[in-house]
Amino acid sequence: MAESNNNDTAVYLDYAATCPPLPEAVAAMCEGLAGWANPSSPYACGRAAKAELEDARARIKSALGWDGELIFTSGATEAIAIVLQRTKTPLTAVSPVEHAAVWRWCKEANYLPVDAHGIVDLDGADLSGLVAIQHVNNETGVVQPVARIAAAVREAGGVFFCDCAQSAGKLALPDADMIAISAHKFGGPVGFGALLLKDYGLLHAVGGQEHGYRPGTENLPAARAMAVALEAGNGWLSEAAKLRARLEAAIEDAGGEIVAKASERSPAIGAYRMPGISAASQLIRFDSNGFAISSGSACSSGSLKPSHVLEAMGYEHSREVIRVSIGRKTTEREIDAFVEAWKAMAQTT
């Protein structure tokens, strides 16, 4: 049985929403709590805590292959808000399939179209300012062509900001100017993340800690845990790809539909339509049978509104789509059990 979030009897298949903290990350956080000194204090124990914080920062950057700057935050949502509220480069373009945390600050942006496969279309776009395009979509798993996007934005003289909450710790980071990441998506602690940036000069400073870009006492225990979680690596993704292929073959065989099947997608995320049965009904029935899945992103799965991601793709059956996401502890037995539950439900239409 896979590690579950709060219910040890459930088959947990909602890792894109959050995943269980790795045991070694929990241990690192507990050890960090024992050393409670403030990293900003000038005396000996404060200086020792500061050295530990900088060690964690260096380890995180190394694990991510990032040679720029890193500002610790409370998660990807705060990292996104920092960029979009304090950027020195006016926002000119954003994709319509971004997470709601991005949309909140993009009321006056020019929305780029996406095709039926969920891929952003840059033709005719104003890329001369700040351009916000995610790496991996949290609902469909679609991977944007970030190398091509980065090159186009750079050629136009713009600044590329990429939400990598669903890709950090799994896929190689894009060559973006600023990147938002969240620790709990790869086995680190909830309520912690980072903003990666090529240069502090991209943002307006506000004073305080983190070189003046994020006031507040630094969370050393969480930084330690985040470093350890990233250092655990992503070797499990090859098995996740096999499990997703197994799942999707069975879903199609049972008359289901794979959203954005032709696109490059994260091996850990898939969106599937069960014709004739609403996503809301599916969630209730899967839950009653011991399966934890979602409909869309975690922040919107309880909403009656259709998915803005699927609407942007021109997908006509968004209200029948659920999301299944795989983690490092997901097993073949769990996937097969879910498939059987899917087939039984599909036969009731």
Side-chain angles (χ1 to χ4, degrees), residues 18 21-89 101 105 130 159 161-165 168-169 173 176-233:
T18 193
L22 296 175
E24 53 265 47
V26 173
M29 193 161 188
C30 290
E31 290 170 6
L33 288 169
W36 44 263
N38 189 328
S40 294
S41 298
Y43 36 77
C45 61
R47 294 196 304 273
K50 181 68 170 179
E52 284 193 57
L53 183 72
E54 295 311 314
D55 176 68
R57 195 189 312 270
R59 289 165 57 195
I60 291 167
K61 288 167 59 176
S62 176
L64 291 170
W66 183 255
D67 59 3
E69 310 295 347
L70 186 154
I71 298 170
F72 287 123
T73 67
S74 62
T77 296
E78 185 191 359
I80 289 165
I82 288 173
V83 171
L84 297 179
Q85 288 181 296
R86 293 200 258 135
T87 176
K88 290 183 178 179
T89 306
W105 305 105
L130 183 69
V159 173
F161 171 48
C162 194
D163 171 12
C164 292
L173 295 181
D177 298 290
M178 292 185 280
I179 291 173
I181 67 174
S182 184
H184 74 107
K185 303 294 189 181
F186 50 76
V190 172
F192 198 70
L195 171 61
L196 313 180
L197 62 166
K198 290 283 183 71
D199 189 281
Y200 287 122
L202 292 166
L203 300 174
H204 291 288
V206 294
Q209 289 84 346
E210 293 299 288
H211 294 273
Y213 289 88
R214 201 259 180 171
T217 302
E218 302 95 330
N219 190 341
L220 173 58
R224 289 168 52 103
M226 182 178 178
V228 168
L230 281 170
E231 289 168 348

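When a residue number appears, it is its place in the shown sequence, counting from 1. Atom set for the values below is all heavy atoms of this structure, side chains included, hydrogens, waters and symmetry mates excluded.
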(Q) Taking salt bridge (charged side-chain N to carboxylate O under 4.0 Å, His left out) as the definition, give me every residue that meets it alongside Lys198, ordered by chain and number, with sequence neighbours left out. (A) Asp175
Q | Residue pair Gly188 / Ala229: nearest heavy atoms and the distance that separates them | A | N-CB, 3.6 Å
Q.
Closer than 3.5 angstrom, by distance alone: can the side chain of Lys88 be matched with the main-chain N or O of Gly201 as a donor-acceptor pair?
A. yes
Q. Is any side-chain heavy atom of Leu130 closer than 4.5 Å to a side-chain heavy atom of Asp177?
A. no
Q. For Met178 and Leu203, what are the C-alpha separation, side-chain angles and deciding distance, and is it a side chain to side chain contact (heavy atoms under 4.5 Å, CB included)?
A. CA-CA 10 Å; Met178 292 185 280; Leu203 300 174; 3.8 Å; yes
Q: Hey, could you give me the CG/CD1 distance between Leu70 and Ile181, rounded to the nearest 0.5 Å?
A: 6.0 Å
Q. Hey, what do you get for CD1 (Ile60) to CE (Met226), rounding to the nearest 0.5 Å?
A. 4.5 Å
Q: Mind checking the SG-CG spacing from Cys162 to Leu196? Nearest 0.5 Å is all I need.
A: 10.5 Å
Q: Let me see the working for Asn38 and Glu218 under side chain to side chain contact (heavy atoms under 4.5 Å, CB included), right down to the final yes or no.
A: CA-CA 7 Å; Asn38 189 328; Glu218 302 95 330; 3.9 Å; yes
Q. Is the backbone of Thr89 close enough, under 3.5 Å, to the side chain of Thr87 for a donor and an acceptor to pair up by distance?
A. yes
Q) Among all residues two or more places apart in sequence or in another chain, which pass the side-chain hydrogen bond (donor to acceptor under 3.5 Å, both in side chains) test with Gln209? A) none
Q: Measure across Ala37 and Cys45 and return the closest heavy-atom pair with its distance rounded to 0.1 Å.
A: CB-O, 3.5 Å
Q: Could you list all the ring-ring contact (aromatic ring centres under 6.0 Å, His included) pairs where at least one residue sits in residues 191-215, not counting sequence neighbours?
A: Phe72-Phe192, Tyr200-His211, Tyr200-Tyr213
(Q) Please enumerate all residues that pass salt bridge (charged side-chain N to carboxylate O under 4.0 Å, His left out) together with Glu31, with sequence neighbours excluded. (A) Arg224
(Q) Going by salt bridge (charged side-chain N to carboxylate O under 4.0 Å, His left out), name the residues that satisfy it together with Arg59, two or more places apart in sequence or in a different chain. (A) Asp55, Glu231
Q: Could you tell me which non-hydrogen atom of Ala194 sits nearest to which non-hydrogen atom of Thr73, and how far apart they are?
A: N-OG1, 3.3 Å
Q: Over all heavy atoms of both residues, which pair between Ala25 and Gly187 is shortest? Give the atoms and the distance, please.
A: CB-O, 3.6 Å
Q) Between Met29 and Ala225, what is the shortest heavy-atom contact and its length? A) CB-CB, 3.9 Å
Run the side-chain donor-acceptor check on residues 61-68: report pairs under 3.5 Å with partners two or more places apart or on a different chain.
| residue | atom | partner | partner atom | Å |
| --- | --- | --- | --- | --- |
| Lys61 | NZ | Gly68 | O | 2.8 |
| Trp66 | NE1 | Glu69 | O | 2.9 |

Q: Any chance you could measure Arg86, atom CZ, to Leu202, atom CG, to the nearest 0.5 Å?
A: 12.5 Å
Q: Would you name the heavy atoms of Pro39 and Ala49 that are closest together and state the gap between them?
A: CA-CB, 3.9 Å
Q.
Contact between Arg214 and Leu195 at the side-chain level, heavy atoms closer than 4.5 Å - yes or no?
A. no
